[in-house]
Undergrad: 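Below you will find the structure I want to go over with you.
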Amino acid sequence: MDIRTAPAAAAHAETRRGDYRPPDWLVPEVALDFTLDPDRSTVRARLIVERNGAHDRPLRLEGDGIAATWLKVDGAPVEPVMDGPTLVIALSGDRATIETEVALHPAANSKLMGLYASGGILCTQCESQGFRRISFHPDRPDVLSVYTVRMSADKARFPVLLANGNCTASGDGQDGNGKEGRHWAEWNDPFPKPSYLFALVAGDLAPNRDSFTTMSGRNVDLGIWVREADLAKTAHAMAALKSSMAWDERTYGREYDLDLFNIVAVDDFNFGAMENKGLNIFNSRYILADADTATDGDFDAIAGVVAHEYFHNWSGDRVTCRDWFQLSLKEGFTVFRDQGFSADIGSAAVKRIDDVRVLRSAQFPEDAGPLAHPVRPESYLEITNFYTATVYNKGAEVIGMMRTILGPDRFRAGSDLYFDRHDGEAVTCEDFVKAMEDASGINLAQFRLWYSQAGTPTVTARLDQDGGRTVLHLSQSVPATPGQSTKQPMVIPLRTALIGRDSGAELAPAQVILLTEAEQAIAFDGITEPAMLSINRDFSAPIILDVTRAAGELESLAEHDPNPFARYEALQELMLRTLIAGANGEPVDPAPVIEAMRRTLASNALDPAFKGEALLLPSESMIGDRMPLVDPDAIHDAREALRRAIGVALADPLAAAQREGAPGSDLSPAAKSIRRLRSVALGLIAAGDTLRGAALAKAQFDSADNMTDRQGALGILVSLDAPERQAALDGFYDRYQADSLVIDKWFGLQAAAQRRDTLAAVEALARHPDFSMTNPNRSRALVGSLAMNQWAFHTASGEGYRFLADMILASDRINPQTAARLVPPLGRWRRFEPGRAALMRAQLERIVAEPNLSKDVFEQVSKSLA
Ligand code: TRP
Ligand code: ZN
């Protein structure tokens with residue numbers, strides 16, 4: 001680290017996994033009393049603390065931006081002693097009652113951590129370390145307490161008062177001597193929980209109420225709380241909640257445990273949603289939907305996030321994390337669970353394709369860059385920076401590989417054992433793997449490397465059929481990553497089949513091959529015809545695969561492989577090879593791709609949703625990821641050329657697909673499939689013929705009775721030079737001006753446009769009256785979408801980098817978590833051609849030189865430069 005960054009680095013202490021020690025003091029009970037007001041709220045806390053083991057260390061209670069107005073120990077006032085932000089209390093006995101009072105200013109809390117105000121609603125966000133912004137507490141996930149919460153507020157402004165667990169009492173007035181017009185409620189959560197799962201909400205909210213009968217016959221009251229005007233948009237979330245509850249009973253044997261389950265939607269939220277025990281709090285974009293304002297993708301995301309947070313009730317709340325290095329224990333497993341739910345309620349093949357696309361576009365670049373870290377990280381400055389695609393999505397793949405290796409029945413036995421053994425505990429990733437081992441009898445010693453080694457393994461595969469023998473040669477290597485220069489071979493489960501080159505039939509039944517060594521050869525018996533390798537089917541391992549193939553194999557697999565995912569992969573690989581050749585300036589024949597796409601379009605055996613996925617070209621950034629250095633212009637030109645060639649050659653079958661529609665009221669998988677293919681086809685038609693594409697897109701836009709078709713058409717129009725473009729954008733804005741979630745789309749689509757003037761348009765939109773840095777959805781819609789738009793963001797002038805750096809610095813003063821999420825696109829500078837790399841690096845240096853940087857942004861920027 002250089003001199004300039006040293007002072008800031010010294011100010012930010014690193015937390016290391018190996019330094020874990022059990023808590024010195026336990027807190028079996030917490031009683032909180034909130035007097036709520038956006039401008040001044042007070043929080044009185046009474047903690048029962050107990051010495052944990054024989055030691056003479058004081059009680060240390062963490063605080064962040066709070067001060068104790070007073071402190072009492074066993075009822076006697078004590079002068080608070082601070083060690084920085086930490087309250088230090090020397091105690092002679094083994095048990096004590098600690099009372100504190102702090103004052104908060106929720107309306108001024110722009111970090112959206114702790115107690116804050118969103119659109120007139122007061123709510124909390126405590127994961128990971130937000131509770132210490134509300135009250136003094138050990139605030140670590142291995143300290144579990146039973147919480148009793150009392151709150152009072154102005155009854156007219158905050159008629160609804162919610163917290164974790166069950167409401168035990170409520171009434172008007174405040175403690176009998178309160179101010180005019182106030183009321184109060186008391187809540188109790190009988191399940192001991194860590195402070196990060198505490199939640200409270202006060203606001204003018206209306207409920208969509210329903211109920212669910214659990215497998216043992218208990219009734220659970222369900223409530224989704226939103227602004228009255230949004231009630232009509234909560235039906236889908238409620239249906240998703242009820243089907244998740246039933247799915248978790250069926251699939252994992254997990255039953256809900258309280259009599260009440262509430263969800264609240266707020267507009268200002270740093271992530272997707274939060275699994276607070278019995279009181280999930282959601283970003284409103286993952287609750288509110290109707291056909292007029294939400295796309296099929298939005299509906300699916302809502303079901304997925306509602307399920308995710310609900311599933312946390314067991315994988316996260318009943319069994320929680322010992323420390324934050326174990327984050328993937330709950331997040332990886334819960335993502336795996338929500339992916340399984342979505343696969344079961346929709347098309348499993350399409351869901352897998354989507355999940356793999358997310359992994360490849362978000363996690364693989366992370367694993368290949370300066371912010372690479374293991375699924376179980378070793379150290380952090382700011383834990384919020386580790387809510388990553390690696391911890392979540394690669395973490396889910398790690399769970400999935402265990403299921404593949406154990407088989408579904410032993411995996412279920414393992415999860416049963418895990419939940420039973422650790423119910424009510426705060427545990428580690430190791431405990432999870434151990435439960436899987438104990439229940440299955442399968443040794444997972446080497447498999448554990450997936451938790452400790454960062455980097456995406458590359459596997460090479462070659463099928464050798466010389467001299468009548470069929471032998472599969474495999475090798476693996478794991479790249480060096482920051483802090484890990486040498487790697488050991490991993491356990492890589494490869495779902496594999498051999499397909500007859502002539503017959504197209506499976507010659508050897510699909511099997512799971514475990515690659516465990518650096519090099520391995522597997523012989524197949526009884527193969528008499530030329531065979532093709534179908535490997536890593538269903539993406540059985542999160543790896544980069546390099547298969548030596550004969551000419552024509554990918555085309556043949558794209559048409560014949562009985563495994564839909566493998567067929568998709570073959571076509572993608574064929575496209576990628578063509579696109580990379582084009583970007584390298586080699587002569588390119590688009591015919592094989594076009595013919596493979598023609599056959600896919602014509603196939604009667606395929607679901608239209610699958611066709612839509614299969615026909616989507618790899619994104620420009622995915623092409624870049626496969627090249628030694630990224631040249632955004634060459635990639636863009638190659639991809640546009642191929643899209644144009646496809647659009648021209650397949651104009652008629654694409655037009656036929658685009659003509660098919662489905663009524664917006666129909667949310668069945670079949671109807672979604674038709675709409676999916678429709679807009680993908682429209683995009684290719686427009687690539688082949690701008691005028692025709694613009695006219696068709698405008699017609700689809702104008703006649704749409706659902707947001708999927710409307711946004712699909714607008715998403716194509718925004719990239720075209722056609723008069724229909726501005727008319728559609730203006731019409732969309734006028735129609736949805738009052739709906740902030742739809743206006744997010746309006747910002748996002750313009751930032752995603754494939755145009756030379758996109759960057760200038762985004763800079764202008766950043767001055768639009770509806771743009772706001774304080775709302776994470778809005779800033780991500782504009783700034784995040786631009787950073788994902790490779791060609792538009794990476795203009796050779798470096799203007800995009802300067803704009804992003806400006807946005808990072810501006811948002812760091814408001815909301816460091818949101819600001820830090822904008823850093824990784826700049827952190828990828830080493831992947832770009834030297835001119836751009838230097839400009840990107842210069843902006844990172846400009847940011848790190850800024851005084852008073854948050855540790856969130858400091859960590860991401862300094863690691864990106866290291
Ligand atoms: N645990 C949340 C989830 O289900 C993540 C989350 C919500 C979060 N809000 C947050 C993480 C704020 C950090 C900060 O994935
Ligand atoms: Zn989660």
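One-based numbering, in listed order, for ligands and for the atoms of each. Not measured: the values here are computed from a predicted model.
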Undergrad: Need the ligand 1 atom indices (1-based, order shown) with element for anything under 4.0 Å from a heavy-atom of His312.
TA: 4 (O)
Undergrad: Around atom 1 (N) of ligand 1, find the nearest protein heavy atom and jot down its residue, atom name and distance.
TA: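 Sorting protein heavy atoms by distance from atom 1 (N) of ligand 1 puts Glu127 OE1, 2.5 Å first.
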Undergrad: Using a distance-only test with no angle check, is there a side-chain donor-acceptor pair under 3.5 angstrom linking Ser811 and Thr818?
TA: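 Looking only at side-chain atoms, Thr818 and Ser811 do not form any donor-acceptor pair under 3.5 Å.
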Undergrad: Identify which one of Val398, Asp355, Ile399, Asn393 satisfies the side-chain contact (heavy atoms from CB on, under 4.5 Å) criterion when paired with Phe336.
TA: Ile399
Undergrad: Kindly confirm or rule out an N or O of Ser128 lying under 3.5 angstrom from an N or O of ligand 1.
TA: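 In fact, backbone or side chain, Ser128 has no N or O that close.
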Undergrad: Against heavy atoms of His308, which atoms of ligand 1 measure under 4.0 Å?
TA: 3 (C), 4 (O), 15 (O)
Undergrad: Would you mind checking which non-hydrogen protein atom is closest to atom 13 (C) of ligand 1, with the distance to 0.1 Å?
TA: Phe271 CE1, 3.3 Å
Undergrad: Is the backbone N or O of Arg412 less than 3.5 Å from a side-chain atom of Ser415, with the two atoms forming a donor-acceptor pair by type?
TA: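 Yes: the side chain of Ser415 pairs with the backbone of Arg412.
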Undergrad: What do you reckon, does Tyr387 have a nitrogen or oxygen under 3.5 Å from a nitrogen or oxygen of ligand 1?
TA: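 Between Tyr387 and ligand 1 (N or O atoms, distance only) the closest approach is not under 3.5 Å.
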Undergrad: For ligand 1 and Tyr392, I'd like to know whether there is a polar contact (N/O to N/O, distance under 3.5 Å).
TA: yes
Undergrad: For ligand 1, which atoms have a heavy atom of Met274 less than 4.0 angstrom away?
TA: 1 (N), 2 (C), 7 (C)
Undergrad: Would you please classify the geometry between the Phe131 ring and the Phe198 ring as parallel, tilted or perpendicular, with 30° and 60° separating the classes?
TA: perpendicular
Undergrad: Can you check whether Thr384 has an N/O within less than 3.5 Å of an N/O in ligand 1?
TA: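 No.
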Undergrad: Measuring from the Zn ion (ligand 2), name the closest N, O or S atom belonging to Glu331.
TA: OE1
Undergrad: Measure the distance from atom 9 (N) of ligand 1 to every protein heavy atom, then report the residue, atom name and distance (to 0.1 Å) of the closest one.
TA: Gln125 NE2, 3.2 Å
Undergrad: Can an N or O of Gln817 be found at a distance shorter than 3.5 Å from an N or O of ligand 1?
TA: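 No; every N/O pair is 3.5 Å or more apart.
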Undergrad: Salt bridge check: are Lys434 and Glu430 linked by an N-O gap of less than 4.0 Å?
TA: no
Undergrad: Have Thr456 and Asp367 got a donor and an acceptor in their side chains that come within less than 3.5 Å?
TA: yes
Undergrad: Answer yes or no for Glu309: is there an N/O/S atom below the 2.8 Å cut-off from the Zn ion (ligand 2)?
TA: no
Undergrad: Measure from the side-chain N and O atoms of Arg778 to the backbone N and O of Ser740, and report whether any donor-acceptor pair falls under 3.5 Å.
TA: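 Confirmed, Arg778 side chain pairs with Ser740 backbone.
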Undergrad: Would you say Arg337 and Ser315 are linked by a side-chain donor-acceptor pair, where the criterion is simply a distance under 3.5 Å?
TA: yes
Undergrad: Within the 4.0 Å heavy-atom shell around Glu275, which atoms of ligand 1 are there?
TA: 1 (N), 2 (C), 3 (C), 4 (O)
